[in-house]
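Input: a single structure, listed below in structure tokens.
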Amino acid sequence: MRITILTLFPEMFDGFLTNSIIKRAIAKQLVEINIVNIRDYTLDKHHRVDSAPIGGGAGLIMKCQPILDCLKDVKKDNSKVILLSPRGKQYNQKLAHQYEKEEDLVIICGHYEGIDERVNKYVDELVSIGDYILTGGEIGAMAISDSIIRLIDGSIASESIVEESFENGLLEYPQYTEPNEYDGDKVPDILYSGNHEAINKWRKKQSLLLTEKYRPDLFEKYELTKQDKKLLEENKSDSQPKWEATAINKGKKFIK
């Protein structure tokens, strides 16, 4: 896969490209990332890439000429071009999976007060990473690229992706590390039971409960199975479910 990012500030991507999963994916040649400086394409004699909006108004607007000449230079026949814009569809994990299937993705980063309206005619999709204001599209481009690259086969272990938040429509279950107890707060006994079926059942319940509590918007869209409904019903009781108590009792030798 190839990702090309058009930006006025290429230096912002230095750390992004040289650390962690992104660095390894590039080294494995799983992805090629090109950062292209829009400033290199300006025809303005003063090398300007922005100007005051026609008709008056606050701030500066990115000119269409440098952006579109840059786009024409990097775009391939199979390129999908996206522009980060508050008008765009909300970015989510489903969209990340769609973009991961693209062979060539071009991301245009806006900056300043906005971009010349005519640029919109040359892109395939407008995308927003949220209802808040950033100085430019660079952080959004990094977020989108990161979310896509980690889905590419070989970037990270496949089992790490399957159970992550948003992959199955729910938030991920709680995770713990040693020590077993810290400041009176203990790791749930079920996780030491050695009964993987019971552990998975407990984790599913926790995912359901966490999603219902923290992301009711996601929970409302999630289609509950009979098993899911039963797990949620169990939570209304103060007593421990029989399957959980049995698993813990049988695995007492592992419980610290």
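Just so it is clear, the model here is predicted, and its values are computed rather than measured. This chain uses plain numbering: 1 for the first residue, then up along the sequence. The analysis underlying the following values was restricted to heavy atoms, covering all of them including side chains, and did not include hydrogens, waters or symmetry mates.
At a threshold of 4.5 Å between non-hydrogen side-chain atoms, the residues V106 and K76 do not count as touching. A heavy-atom distance below 4.5 Å is not found between the side chains of V187 and E181. Residues M1 and I149 form no side-chain contact, since every pair of their non-hydrogen atoms from C-beta on lies 4.5 Å or further apart. The shortest distance between side-chain heavy atoms of L218 and L170 does not fall below 4.5 Å. Side-chain contact between R39 and H47 is absent, with no heavy-atom pair separated by less than 4.5 Å.
For OH of Y176, the number of neighbouring non-hydrogen atoms (other residues, nucleotides, ligands) closer than 6.0 Å is greater than 12. The environment of I139 atom CD1 is sparse: at most 12 non-hydrogen atoms of other residues, nucleotides or ligands sit within 6.0 angstrom. Taking a 6.0 Å sphere around OH of Y122, one finds it holds 12 or fewer heavy atoms contributed by other residues, nucleotides or ligands.
Under 4.0 Å is where a charged nitrogen must lie from a carboxylate oxygen, and between R48 and D50 at least one such pair does. Salt-bridge check for K63 with D44: passed, with a basic side-chain N closer than 4.0 Å to an acidic carboxylate O. For K230 and E233, the salt-bridge test fails: no basic side-chain N is under 4.0 Å from an acidic carboxylate O. Using a 4.0 Å cut-off between charged side-chain N and carboxylate O, E212 and K221 make no salt bridge. A salt bridge between K204 and D228 is present, with a side-chain N of the basic residue lying under 4.0 Å from a carboxylate O of the acidic one.
Shown here are the salt bridge (charged side-chain N to carboxylate O under 4.0 Å, His left out) partners of R118, two or more places apart in sequence or in another chain: D116. Listed by chain and number, the residues in a side-chain contact (heavy atoms from CB on, under 4.5 Å) with Q206 are Y173, P174, W202, L209 (sequence neighbours excluded). Listed by chain and number, the residues in a side chain to side chain donor-acceptor pair (under 3.5 Å) with S237 are S239 (sequence neighbours excluded). Taking K201 as the reference, nothing meets the side chain to side chain donor-acceptor pair (under 3.5 Å) condition, with sequence neighbours excluded. Residues that satisfy the side-chain contact (heavy atoms from CB on, under 4.5 Å) test with T246, not counting sequence neighbours, are K242, K250. With sequence neighbours left out, D131 forms a side chain to side chain donor-acceptor pair (under 3.5 Å) with no residue at all. Residues meeting the side-chain contact (heavy atoms from CB on, under 4.5 Å) test with T135, sequence neighbours left out: H111. Take E103 and apply the salt bridge (charged side-chain N to carboxylate O under 4.0 Å, His left out) test, not counting sequence neighbours, and it matches no residue. With sequence neighbours excluded, no residue forms a side chain to side chain donor-acceptor pair (under 3.5 Å) with N92.
In terms of heavy-atom proximity, T42 sits nearest to Q65 at CA-OE1, 3.7 Å. Contact between I115 and G110 at its shortest, heavy atoms only, is CG2-CA, 3.9 Å. In plain terms, the two heavy atoms of Y182 and P179 that are nearest each other are CB-CG, 4.4 Å. The minimum heavy-atom distance between A52 and L60, with the atom names listed, is N-CD2, 3.8 Å. Pairing each heavy atom of S155 with each of A25, the nearest pair is OG-CB, 3.8 Å. Heavy atoms only, all atoms of each residue included: E172 and L210 are closest at O-CD1, 3.5 Å.
A single hydrophobic cluster is not seen to contain both Y41 and I61; linkage of ILVMFWY side chains at heavy-atom distances under 4.5 Å, directly or through other members, places them apart. If you chain together hydrophobic residues whose side chains sit under 4.5 Å apart, L83 and Y132 fall into the same group.
Of the inter-residue distances, the one linking S147 atom OG with L95 atom CG reads 8.5 Å to the nearest 0.5 angstrom. Considering CG of D69 and CG of L71, their distance stands at 9.5 Å, rounded to 0.5 Å. Here the CD1 atom belonging to I38 is positioned 5.0 Å from the CD1 atom belonging to I67, to the nearest 0.5 angstrom. Note: S193 OG to I199 CD1 = 4.0 Å, rounded to the nearest 0.5 Å. Atoms CZ and CG, from R150 and L30 in turn, are 14.0 Å apart once rounded to the nearest 0.5 Å. A distance of 8.5 Å separates CE in M62 from CD1 in I108, rounded to the nearest 0.5 Å.
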>> Using side-chain contact (heavy atoms from CB on, under 4.5 Å), reason through N37 and D40 one step at a time and then give a plain yes or no.
In response: CA-CA 6 Å; N37 193 340; D40 293 340; 3.5 Å; yes
> When you look at E234 and W243, which way does the side-chain contact (heavy atoms from CB on, under 4.5 Å) test go after all the steps?
Replying inline: CA-CA 11 Å; E234 287 177 356; W243 60 267; 2.9 Å; yes
>> Working note: I82 + L84, criterion side-chain contact (heavy atoms from CB on, under 4.5 Å); need CA distance, chi angles, decisive distance, verdict.
In response: CA-CA 7 Å; I82 66 174; L84 290 158; 5.7 Å; no
>> For I148 and H97: C-alpha separation, side-chain torsions, deciding distance, then whether side-chain contact (heavy atoms from CB on, under 4.5 Å) applies.
In response: CA-CA 7 Å; I148 295 169; H97 277 283; over 6 Å; no
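Considering D189, I190, N249, N195 in turn, I190 is the only one that fulfils the side chain to side chain contact (heavy atoms under 4.5 Å, CB included) rule with E244.
Side-chain N or O atoms of D146 include none that pairs as donor or acceptor with a backbone N or O of M142 at under 3.5 Å. The backbone N or O of N180 lies less than 3.5 Å from a partner atom in the side chain of E178, making a donor-acceptor pair. In this structure a side-chain-to-backbone donor-acceptor pair under 3.5 Å is missing from D73 to C70.
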Name each donor-acceptor pair under 3.5 Å that joins a side chain in residues 3-17 to protein atoms two or more places apart or in another chain, with its distance.
{"from": "T7", "atom 1": "OG1", "to": "F9", "atom 2": "N", "distance (Å)": "2.8"}
{"from": "T7", "atom 1": "OG1", "to": "E138", "atom 2": "OE2", "distance (Å)": "2.6"}

Can I get a per-line list of side-chain donor-acceptor pairs under 3.5 Å for residues 123-130, giving both atom names and the distance, sequence neighbours left out?
{"from": "D124", "atom 1": "OD2", "to": "V81", "atom 2": "N", "distance (Å)": "2.7"}
{"from": "E125", "atom 1": "OE1", "to": "Y99", "atom 2": "OH", "distance (Å)": "2.4"}
{"from": "E125", "atom 1": "OE2", "to": "K89", "atom 2": "NZ", "distance (Å)": "3.4"}
{"from": "S128", "atom 1": "OG", "to": "G130", "atom 2": "N", "distance (Å)": "3.2"}
{"from": "S128", "atom 1": "OG", "to": "G130", "atom 2": "O", "distance (Å)": "3.2"}

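Under the side-chain hydrogen bond (donor to acceptor under 3.5 Å, both in side chains) criterion, the residue pairs touching residues 23-32 are E32-N34, with sequence neighbours excluded.
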